[in-house]
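Side chains included, hydrogens not; waters and symmetry mates left out as well; all remaining heavy atoms used. Below, chain A is the first sequence line, B the second, and so on; all start at residue 1.
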There are 2 protein chains.
Amino acid sequence: MTKLLVTVDIVLFTIRDRELQLLLIKRLAKPYEHRYALPGGFVEEHESLNAAAERELREETGVKKVFLEQLYTFGEPKRDPRGRVVTVAYYALVADTQVLQAGTDAADPAWYPVRELPALAFDHRKIVEAAHLRLRNKLDYSNVGFELLPEKFTLSELQLVHEAVLGEALDKRNFRRKIAQKALVEPLEEYRHTGRKPAQLFRFTS
Amino acid sequence: MTKLLVTVDIVLFTIRDRELQLLLIKRLAKPYEHRYALPGGFVEEHESLNAAAERELREETGVKKVFLEQLYTFGEPKRDPRGRVVTVAYYALVADTQVLQAGTDAADPAWYPVRELPALAFDHRKIVEAAHLRLRNKLDYSNVGFELLPEKFTLSELQLVHEAVLGEALDKRNFRRKIAQKALVEPLEEYRHTGRKPAQLFRFTS
DNA sequence: TCAAAAGTGTTGAAGATACACCCATGG
DNA sequence: CCATGGGTGTATCTTCAACACTTTTGA
């Protein structure tokens with residue numbers, strides 16, 4: 001009946017600058033002082049794992065109301081030099097519109113492209129890879145893609161999300177056909193005027 | 001930095017009598033005394049989660065060398081009346097050839113059809129449902145089906161495994177074509193003579 | 001000789017992929 | 001008026017689903 005330390009760690013993804021990025025904090029305390037790490041922390045006695053993940057995200061990054069899903073639990077005895085720590089990893093998705101706040105426990109939450117991450121603390125590299133793989137797989141048999149967009153979006157923006165996650169270009173016509181026949185989006189009577197020709201806005205039909 | 005109790009629970013599947021069954025034990029201790037439950041137990045300080053799952057399976061059922069994969073971690077604060085217990089759930093697959101041994105901690109490990117399970121302790125019903133769903137999904141984009149068979153098997157036996165997991169009949173010709181084009185099995189120069197016409201044996205090409 | 005499971009192809013439908021041009025607007 | 005991203009169809013290929021009869025053997 002040994003009790004163990006249990007943490008949650010969260011891989012928070014977004015799309016910025018046309019590529020998939022994730023949120024890292026710089027650790028202030030030992031071990032791995034000054035190394036980059038995933039946001040996360042200890043699970044408290046009376047909170048669920050999901051609640052802990054939400055709380056840590058809020059405390060360390062100011063982000064709330066995100067899509068959040070449990071990923072995998074990492075429990076190698078030596079994964080944390082402080083002793084036995086089992087971590088329940090989550091991944092989360094947000095549109096690139098939420099403002100990041102520096103947290104109290106951790107310095108400088110900031111976005112880093114998945115393609116060129118700095119060295120990470122603990123086994124967080126492995127966690128990131130598992131999360132990225134899960135996101136890629138989940139993209140086309142589910143609707144997670146919409147979680148990375150604001151409420152109203154253009155079809156080009158939706159395509160960009162898919163391309164950033166998959167890391168490859170998609171054919172515009174085939175992509176639009178697939179989205180259309182899934183009937184997951186509905187057109188709005190609004191247009192976005194940022195480019196040359198205005199683009200019709202859509203929203204996710206829940 | 002609260003420490004929590006951490007357990008592993010294992011949903012061990014097999015195919016018996018042409019249907020998907022799983023292994024349950026009858027609890028001897030409180031809480032849920034005399035109720036059926038999944039095999040499992042506490043994770044010790046210096047063992048990995050996987051090692052704990054393997055150990056519990058061995059101790060409680062005598063089963064070893066099985067396919068074992070982590071499923072999901074359940075951590076609602078009230079899921080165990082004894083207090084806060086987080087459980088890392090696993091699912092496992094064996095061919096119906098291993099002999100079950102009564103364990104020391106738990107009475108009567110025995111197989112029960114997934115379709116008609118008795119009332120289960122804790123949130124084990126939910127864990128079983130998650131495991132069954134995972135197994136069904138994983139069946140056709142991976143090779144887990146082979147884990148439910150002995151080394152040598154006939155194509156009809158393989159089809160039976162798929163039918164038992166999916167809970168529906170499959171077309172023999174379509175099934176064989178799909179298996180053939182995945183090139184996951186190789187024919188042996190051996191035949192099984194149980195029925196009338198002998199059936200060719202195959203094995204998994206690893 | 002017959003009951004029982006083994007084995008074997010074809011056709012049509014649906015879904016996926018490859019591919020190129022015109023349109024509407026802001027500067 | 002032109003540069004830019006928005007928007008649209010068709011032809012082909014691949015994949016999946018439906019469907020029935022012959023073969024081999026043990027009893």
Side-chain angles (χ1 to χ4, degrees), chain A residues 15-19 96 136-143 145 149-150 152-204, chain B residues 15-19 96 136-143 145 149-150 152-204:
Chain A
I15 309 285
R16 280 163 58 95
D17 303 332
R18 322 189 110 239
E19 67 182 338
D96 176 29
R136 271 192 308 244
N137 288 336
K138 197 134 187 181
L139 192 65
D140 64 85
Y141 69 82
S142 82
N143 310 331
L149 288 169
K152 300 173 181 181
F153 51 84
T154 68
L155 294 181
S156 293
E157 287 165 353
L158 180 58
Q159 182 173 347
L160 190 60
V161 164
H162 283 244
E163 289 176 336
V165 171
L166 298 174
E168 63 183 7
L170 301 173
D171 180 89
K172 198 185 348 179
R173 286 164 293 187
N174 293 340
F175 178 77
R176 285 170 184 231
R177 183 174 21 251
K178 184 149 46 167
I179 295 298
Q181 78 195 19
K182 281 188 194 165
L184 295 175
V185 299
E186 58 189 17
L188 302 172
E189 292 305 315
E190 284 179 73
Y191 293 82
R192 175 159 296 163
H193 290 264
T194 49
R196 299 308 160 115
K197 179 173 176 177
Q200 188 165 21
L201 289 171
F202 289 76
R203 72 172 166 214
F204 178 43
Chain B
I15 309 285
R16 278 163 60 94
D17 302 332
R18 321 189 110 240
E19 66 182 338
D96 176 29
R136 270 193 309 246
N137 287 336
K138 198 137 185 177
L139 192 64
D140 63 86
Y141 69 83
S142 83
N143 310 333
L149 288 169
K152 300 173 182 180
F153 51 85
T154 68
L155 293 181
S156 295
E157 287 164 353
L158 180 58
Q159 182 174 347
L160 190 61
V161 164
H162 282 243
E163 289 176 336
V165 171
L166 298 174
E168 63 183 7
L170 299 173
D171 180 89
K172 196 182 356 176
R173 286 163 293 185
N174 292 340
F175 178 78
R176 285 170 185 231
R177 182 174 22 251
K178 184 148 48 168
I179 294 298
Q181 77 195 18
K182 282 188 194 164
L184 295 175
V185 299
E186 60 188 16
L188 302 172
E189 292 305 315
E190 284 179 73
Y191 292 81
R192 174 159 298 162
H193 290 264
T194 50
R196 300 306 161 114
K197 180 173 176 177
Q200 188 165 22
L201 289 170
F202 289 75
R203 74 172 166 212
F204 177 44

Gap between atoms CZ and P, on A:Arg176 and C:dG15 respectively (whole Å): 21 Å
Assign a letter to each nucleotide of nucleotides 18-25 of chain D from its 5' end: B, base within under 4.0 Å of a protein heavy atom; S, sugar-phosphate only; -, no contact. BBB--BBB
With sugar-phosphate meaning primed atoms plus P, OP1 and OP2, does B:Ser156 contact a base, only sugar-phosphate, or nothing at under 4.0 Å between heavy atoms? sugar-phosphate
Considering residues, nucleotides and ligands other than A:Arg203, do more than 12 of their heavy atoms fall under 6.0 Å from its CZ? no
Rounded to whole angstrom units, what separation is found between the CG atom of A:Leu155 and the P atom of D:dG6? 9 Å
Nearest whole Å is fine: how far is D:dC16 P from B:Lys178 NZ? 6 Å
Atom-to-atom span, CG of B:Asp140 to C1' of D:dT15 - whole angstrom: 14 Å
Rounded to the nearest 0.5 Å, how far apart are CG of A:Leu158 and CD1 of A:Ile179? 4.5 Å
Check whether more than 12 heavy atoms from other residues, nucleotides or ligands sit under 6.0 Å from atom NZ of A:Lys152, and answer yes or no. no
Round to a whole Å and report the spacing from CD of A:Glu168 to C1' of C:dA18. 15 Å
Of B:Arg176, B:Arg177, B:Lys178, B:Lys172, which is the lone residue that meets side chain to side chain donor-acceptor pair (under 3.5 Å) with B:Asn174? B:Arg177
Given B:Leu188 and B:Phe202, is the side-chain contact (heavy atoms from CB on, under 4.5 Å) satisfied, shown in steps? CA-CA 5 Å; B:Leu188 302 172; B:Phe202 289 75; 5.7 Å; no
For atom CG of A:Leu158 and atom C1' of D:dG7, their distance in whole Å: 15 Å
Figure out the CG/C1' separation between B:Leu160 and C:dA6, and round it to whole Å. 15 Å
If you find the nucleotide of DNA chain C closest to A:Gln181 and the one closest to B:Phe202, which residue's nucleotide is nearer the 5' end? B:Phe202
When the distance from CD1 of A:Ile179 to C1' of D:dG7 is rounded to whole Å, what number comes out? 16 Å
In plain terms, say whether B:Arg18 and B:Glu163 are close enough for a salt bridge, that is, a side-chain N and a carboxylate O under 4.0 Å apart. no
